[in-house]
Structures are given as C-alpha cells and as structure tokens.
Amino acid sequence: MAYQFKDIEAKWQKFWAENKTFKAQQPFENQETKKPFYVLDMFPYPSGAGLHVGHPLGYIASDIYARYKRHQGYNVLHPQGYDSFGLPAEQYAIQTGQHPAKTTQANIKRYREQLDRIGFSFDWDREVRTSNPKYYRWTQWIFIQLFGSYYDYDDQKAKPIDGLVKVFDKQGNDKLNVACDEDIVEFTAEDWKEFSEDKKEEILLQYRLTYLAETEVNWCPALGTVLANDEIVNGLSERGGHPVEQKKMKQWSMRISAYAERLLQGLENLDWSDSIKEAQRNWIGKSIGALIQFKIQNSKFKISAFTTRPDTIFGVSFMTLAPEHELVEKITTPEQKEAVEAYIKETAKRSERDRLADVKTISGVFTGAYAEHPLTQQPIPIWIGDYVLAGYGTGAVMAVPCGDQRDYDFAKHFNIPIPNIFKDTDISKEAFGEKDNTLITNSDFLDDLPIKKAIKVAIQALEDKGVGQAKTNYRLRDAVFSRQRYWGEPFPVYYENGLPKMIDEKHLPLKLPEVEKYLPTEDGEPPLGRAQTWAWNTKSNQVVDNNKIDHKTVFPLELNTMPGWAGSSWYMFRYMETKHRDEVFASQDALDYWQNVNLYVGGSEHATGHLLYSRFWTKFLKDRGFLNVEEPFQRMINQGMILGESPKALLIPEYLTEEDFNKISNEAVDEDGFITGLPDIAPKILKDKSTYKYKNWRVYPTSLLKYLNKNIEFKIENIPIEFVYKEGENFIFTLKKIRDIRLKYPKFNNLRIGTREHLSQFNLDNNEIPIIYLDKVILEFEVEKMSKSKYNVVNPDDVCDEYGADALRLFEMFLGPIDQAKPWNTAGLSGVVGFLKKLWKLYHQDDTFAVSDEKADKKALKVLHQTIKKVNADIEDFSFNTSVSSFMICVNELTQLKCSSREILEPLCVLVAPFAPHIAEELWEKLGHQDSVSFAEYPRHKDEYLVEDTKTYPISFNGKMRFTLDLDLSLSKEEIENIVMQDERTQKQLQGRTPKKVIVVPGKIVNIVG
RNA sequence: GCUCGGAUGGUGGAAUUGGUAGACACGUUGGACUUAAAAUCCAAUGACCAUUAACGGUCGUGCGGGUUCAAGUCCCGCUCCGAGUACCA
C-alpha cells in the first residue's frame, strides 16, 4: 500500500484526541513518578487572518522537543491557549460594530482547527484565554496584590503595604530605603497620625507597586484616543492622518523600576541567547554616577541632574532641561517666555521616538535663567531642548560639551562656550569620548587625575559640600498600565473622592460591561465611559447603573482597561493548574511540582516587553509568597520570522470618457455585478450605481517602470498571492483571475490587464517595450514580512491538504536554522515529500509491509547509529534542519543497502517520531505495537558501531588541499609524515623543493609548507 | 540615532574547538522507463581558464585590512539588510 498521508494523519490525530495521549499528569495523578518537564510556546494572539506558515515554525520546534522529552520518560506539560484581549479585535469592532468577544471566538475556532491539523502534542484540557472572566479574575487579583504591596530595598523584596503603614506610624517616612515616587514629602510619625484618611491614601499611592501617576502620552484629539508610537507616522495618526500631540494623563503605572537590579542579576542564571539577555541589560540600563543639585539663581528652585561622569563637573557650560520639565515655566524669564512656550508647543507635536532618533536637527531655546555651578558658583545658562526627555532620569542634563557629542553639537549650534577639561586632547572637531589614558585638566582639585580616580574624588567633593551624591541610575522606566481601550481586563477599581479603591477579592471577577460602540466618548473618555451599568455599589458589592452613583455607597468604576501584557505576564503558571482554577490562580502543589517553564519558544521581538514584564510579575508573586520560583522561563529559544513573497504590480490609471461612462450606466448588469457586453470599458461595476468609477487601473510588470516618464500617474500594489502562480523566478497574473480578484477584494474593483494600446496614450515607444502580453502579466516579487495587509500570507492548511502535516513539519524545520529569518518558498517541499515516501518504502516491499527479523549488517548499524548520535545532539541544540538532513542521508543509505531489518527500522521509527509523528505512529503500529509510539524509549547511539579505523586525510600544500589519502588512524605523526612525503603526488607538488615545515594533525589534516 | 542580529553556488542552507568550503535538498541539464505525461531511478551541476582521452590550474563564504602552517570561523575598520526602541502582540 502506498503512503496515504491523508488517512494516516486523520487516523492518528483522532487517536491522540480520543485517548488524550498528551495529557500531562498532575502530581497526584502521576503514579509512575515521572519527572516533570514543561515546554511552552509564546502565547499566540488569535488574529483574524488565521495562522500563517510563520506561526507554526516555533510550535513545530517546541513540539519536537516536547515529544522527544516524552520519549525520554518525562511527564511533559505542553499546553496551548490564547492571548485573546487586544487591539486588532477592537479595531475590527470599531469598523464593523461586531462585539470583539464574537470575532475573538471565531478567530480562536479557526486557529484551533489549523493547529489541530499539524499534529501538535498539546494538552488541550489546560487551555486558557485571557479574555475569559474566569481567567482575568486572577489578573485582577494580581493587580490588587500589587496595589497592596510596596518594595523594600533593604530586603530586596515586595511586602504588604500594611507593614509600611506601621513604619509610618512609628517613624514617619524619613530615611526609608523603599521604592517610591521621586517627589515625596518627608513627614514624621506625628504628622502621619494627624493626616486625614484621604491624605494617607494619597501618600501610600506613592509607594504602592501599582499607582496612579501623570504620564506623557501620544494623544490624538481627532480620534479621541491615545496612540502607540507605532501608530504614528510622521507625527500624524496612521489611521486617518490626524495630528498627534503629547499630553499628560493620569494613568496606572507599574513600579517595575523597583525590580531593576533583580531583573538585571537574574539574567545571569538564565539559559537564554546572549543577544536577548544583552537587550534586557541595555533596556534596564544600569549606570553608576552621581546625582548633582544645581541651585537656580534668584530662585528657590533646584535642578537635579544625573551624570555618569561627575569628573567632568568643571566642563559644564550649560544645562538642558526637557521642554516638559516642571521647572521650565517657573524659571523662564519674561523676555524668553514667548520663545519657550512656542518651543514647547512645537515639541509636543513630536513623538518620543522621533526626538531620540533625530540627531541631525538641533533645536532648543534659552530660558533666560541661570543655574549656579555647585563648586565654582559660576552662572550656567539653562536651556531647554527636545533631545532631553522628561521621562529619562530627572529630565535634566548637565551639559559637558567637550565630552559628549550631543552636548557638543548643541553648544556649537548655539555658540555656547566649550571649555576643554581633557589634557592634551583636540576638541575642535568633535567631543572627546574616550575614558582611558586621559588626565583631567582646568578642573581645580581634579587636575592631572586619571578619569576613574577623578570620578571618585569629584563625588566625594560634591558629597562633602552637600550638593550631590553617588547614585546608581536605571534607564528602565515604570511601565504604564492603563489603556484607553475596550477590549482588555477592567481594573477592579472604583473611585471614592477621586481616590482609587480596590474591589474586594471575593467579588471578582469584575466583568467587562457592554457598550453600544467601541469608540471613546465624545468628551474623550475611554470606551468604558459609554457603559450605562458601570458603577460599584459598596453595600451590595455589585456593578450597578451609573445613575445610582451617589458618592456615598455607589461610586464610579475605572474607565481604563489593562494592557495586552497583563494577561500574558502570568499565564505560564495558570497552565499548571487543572482542577482548582476557580479557587486559586494555581494551587501550591501544582506550582511546587512544575516549578517554571523548562523550555520557552517564541520570537525575539518580545525581548523587552513580555519577557521583562513576566519576569517582573514572577518575582513579585514570589516575594509575596504565591510562587516559589524567581524566574518564569529557564531556557528559551527564539525562532526567526518566515517572510513572504509579495508579487508587485505597476498600476497605471485609465480614465473613462463621459461617453463610455454613459454607455455603462445604460447597460444591463449581470448577477455578479458585471456589465455585460462591454468588456472593454467596464471591468466591474456593481449594481449599486453609487460605486461607478471613472477610473480603471491597468496592471503592468514593475519592470515597465523604467520606460515611464515622470508625468504619468501610477502606483505599485501587492497582488494577492492566491491569484497568481509561479513560473520560475516570477509570478504570473492572468486575465482569467481578474474577475475573481475583483469579486474578492473591493480594492481591486477596477483592475484590468494592461495593453499596448493603453500605453500608447502616453507616447511611449511601443516597439521598445518588450514585456506586454494580451492575457497575462509577469510580476516581480519582493520578500517582506508575511501579513494580511500585504496579501502575501501562505496558509499552512494548503500545505497540509496537498502534502500532509508531516511534510509541513519536516519542511518548516528543513528551511534553515530556527532562529534565522527566512523567506517562505515551497520549492523545497518536494524534497521532504520524497523523503517521507522513501521512508515509507523502506518498511514495504511491493506495497506490503515487509520488515524482517534478520540481523542487521554492520554497515546499516553504522548508518543508524550515526543518525541517532547526530539527531540526539541536534535536538538538544535545536538544530532541526540538520536532523532532517541526516534522516534523509540515513534513509538514502539504508535504501541503497536494501535494509529491511527490524533491528534498524524499529529504532529509526522512534527516532523520526518527534519530527513526523503521524507516519511514525502508523509504522509503529505495523511493526506490531499496541501503544502509541510517543512513549517508546528514544534510541541512544552505541559507540561500538561507530568506530572508524581509517581517515581520509586532506593533504594540503601551503594551506591548499591538493589530494586526499586514506590512512590508518593508529599511525603516529611521524609515520603519517613519512607516508605522505613518499607519495608521488607529494613529490609532484613539491617539484623538487624541500618543505620548510610539515604540519600533521592526526585525525585532521596534513599541511606541507614550502 | 541607539541596542541586538544577519550576509556562503541559480535557490534554501551545511561545515565539530581555526583543519578537505558548498553536506542535504530544490532548481537546471542529460539519460533510463513510458504511446505520452506524471511518478520513479541514474548521472552531471560554485565561477572562470585549459583540455575534450585523461591529468590540471586560477579565483571563490558582503567589502577593505590583519593574525596564523591553515580563516566562512579569530582581530580591526566599513557596507547593506532585518528586528526592537517602552500603548501592535
């Protein structure tokens, strides 16, 4: 019987589902006391476009590993679920009015169908969805725990806020080493006791791990919403092109900065790629330096500035404040007021990213105020400049133009003096940035000190004078946690006298209310502002109608929702729980047993987002005794993106004449909306006359571009991949597809194939243009990110239909190293399909199963054991492309050897099982086994079969290989040298010369020099 | 801009610790089988030069240098491409 992948795959997928083959056992169920192993994929967001071939790449890799671990006898936890809150569903809801829950549900269904077809060994009984109230109940619960905690730096630990209240009662807040806001006011124990309850609450908010604070956001007044930097293009909103401005807004923040040091230190013990660890280190951005206070002349205010180079204190020639710095308006002189305000207004239009990325435009304004040098008392002009950001450090820079390029450029631009404090250096062209082997000069008591020493001395001097102190600074900022969106977790928060109060844990979840529209309200409130029933009754502990709000027992609820990363910051622990999901986020024995994720697979684009936030929450939950691990993900593999090929077309408009148009309007329209009888004029006109167009677009190859003159209107568009086929290097788009494409994509309503006649209108020399056909267009393609909007998405279902899931799995692995970005090109698919057929044939003769019990011969054993050795090593290294290669080599060689021995074919079946599980199960069954192959012991190689006694030595002359020589491996260096020197080919190469040197590396090479 | 990656035949990629560059596969070409096609099997396939009976030679891992008996691999300086850059997930 030939290899029938369709039947085989359907059969085993059904078998696995019915038998719950991949169900992970909880500790109390695990009678064999198997060791636990947890393999997890990064949480997928179920997008409307469905799964494309890029998604399964990581899933296949992790599935291979999970299956491999099962073969090794582990109790493997390999779950899957959905990060189902998020912006795309909301955008879709705004456009179509469909409830995001509904579209999310549909998308999840589609994802599940697609996932099921690939044969993953997921334990679906443990599925989670972040948008499920039973799940987000615990996200809200964690938020409440964060609100009820503060961070103690002395113990490097989060603690219940009650403890802090006790400290305040006893000693006030003086000299406390705890995480808090920058602008706290000192108070004594007596003060504290006098404070009103509200005042106490306000103060505590400055210490809680989640707190309300004013934060800068990208506000788009026209859309009434906050935008991500991502959604802003050239200072305008991506949607609609409306202006965007910086605005302060009261928002929930997470005091992740308290954990900066632990997040940094924790990286040491993680088995992650160095690049990701480095990215996190840079993100956390630890720097050691000094905080220096500058008095402002004629004013009671002071500016604090952090610097890593206190040794350059005598090189300060100006200061720069962020335009948003709160002191700006207080210190600006009347003469400069107008200019400063105008500048601030301009700055508000620029996004943070723009401001940081743009080093070419130098801008700034003098405030008119002067600070006083803390050591020399000299006046220092205070400027504002948009290269300084309010959220970084203190939002103020002590500018040392001789040592910092940005300060240098700024000083040059505004003719500010650039005093040089580095001995024997030239700063006429650029700032001097080196640190080593340089002495300080023109710096009073720092003169002639090397930089490292000068830093210490300078800090000491500043401390002695009480104008500065050593400080460790982190670039990591507290994370904004509020979103002005509908489709996210509601905060379990209501407001009493404007102060936030938590809903009691036992009344969770606080479910997302219904709204009639998913847009912000007219007065700019988030979508939840549209909810009619969104008030909290503190008596009945229920959500009640807004008109019941009396601010006595019924209060308004928070209108923001949580961000996408809330639910995904703790989901890995939720999978550990099965039975008690209603009582706890995960029960203690489950947490104790599974510990953390042993292997995490996903994209490196999460390096500084998800991967940092979940580490933060894990550490927090551990501090508060809810978890027993410090890190969520022990080992991580990052898969690269699969890129798509986008066929590009050159579109040139063709305007219909009034006469033509009138003809169309009078014509009959057929069922599909096409005008009958006028194919030349109207490719597609819908029955609804309002969609009549005066313009058609004609499709040409992009290579025509070079023949076009500048005056011709044109555009370049991606042609949806499903309407083209590939011929060699190019994609072909035919006349036959025109109708289909118009029907499917309204965007291409008026698309036509280009003709010479049409082009002749533009006075192009038709004879020069070689590339116009009557019925087709040759399209060139570009390799770019696979996405719905680029119409270049390849669906894994298509591959499964045509070649099967095992082929898809092998092919995706065969594409290349897991961590590299690579284009999707199905050309190579036939290679793995051929492999599967050959593998099948190895177990069959004339279509009947034929495996003999004969002893295997030595050669076959060697081939098998080489493969076993290679594959085992490859799996540990996540080098699956090379394992697939070695399977191919193995099967090719066994075929040559006409091997049909069970001694070889049985271990081979287990060996391929993690990669191509369906075919392996089928062969395993045919081999006479009752149980799933999934738990068969994984083959281990035996060295005895691999022993080599000869080596084919490359013989090189001056490093160039000239010939090879088979030599016994037992030979000594001298013996090898003798044999090589006597070889006639050696003599021929040397042509009578005497070698200067002969290098012999036994087992490797021979190199003759001279 | 900053941070982190990447670059090897026509294509995807392989190459242990510095030791035969191009494994494996696709594609292409030729052949076998076939009425034919598909499928399958066999052979060749980095470029260039020489040879056409065989044997050879030069160049070659993004670019320019360096270290070494030996460099795709190590060092220095660049170019181009991708990802992240704090509200996409």
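Protein chains get the first letters and strands the later ones, always in sequence-line order, with residue 1 at the start of each.
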message: Is the phosphate of B:C59 approached by A:K960 (side-chain N or O, under 4.0 Å from OP1 or OP2)?
response: yes

N/O (side chain, A:N1007) to phosphate O (OP1/OP2, B:G19) under 4.0 Å: no

When both hydrogen-bonding distances must be under 3.5 Å and the geometry is Watson-Crick or G-U wobble, what is [N] paired with, if anything?
N: B:C80; result: B:G6
N: B:U17; result: none
N: B:G72; result: none
N: B:C87; result: none
N: B:C24; result: B:G12
N: B:U35; result: none

Nucleotide nearest [X] when distance is taken to its side chain, options [options]:
X: A:S275; options: B:G19, B:G5, B:C69; answer: B:G5
X: A:I1005; options: B:G19, B:C24, B:A89; answer: B:G19
X: A:T882; options: B:U85, B:C24, B:A14; answer: B:A14

- prompt: Across the strands shown, which category fits A:T964 at heavy-atom distances under 4.0 angstrom: base, sugar-phosphate, nothing?
  reply: base

query: B:U20 and B:G46: how far apart are their C1' atoms, nearest whole angstrom?
result: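 To the nearest whole Å, 16 Å.
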
message: Please report whether the ring centroid of A:F878 lies less than 6.0 Å from that of A:F880.
response: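 Aromatic pair counts; centres sit under 6.0 Å.
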
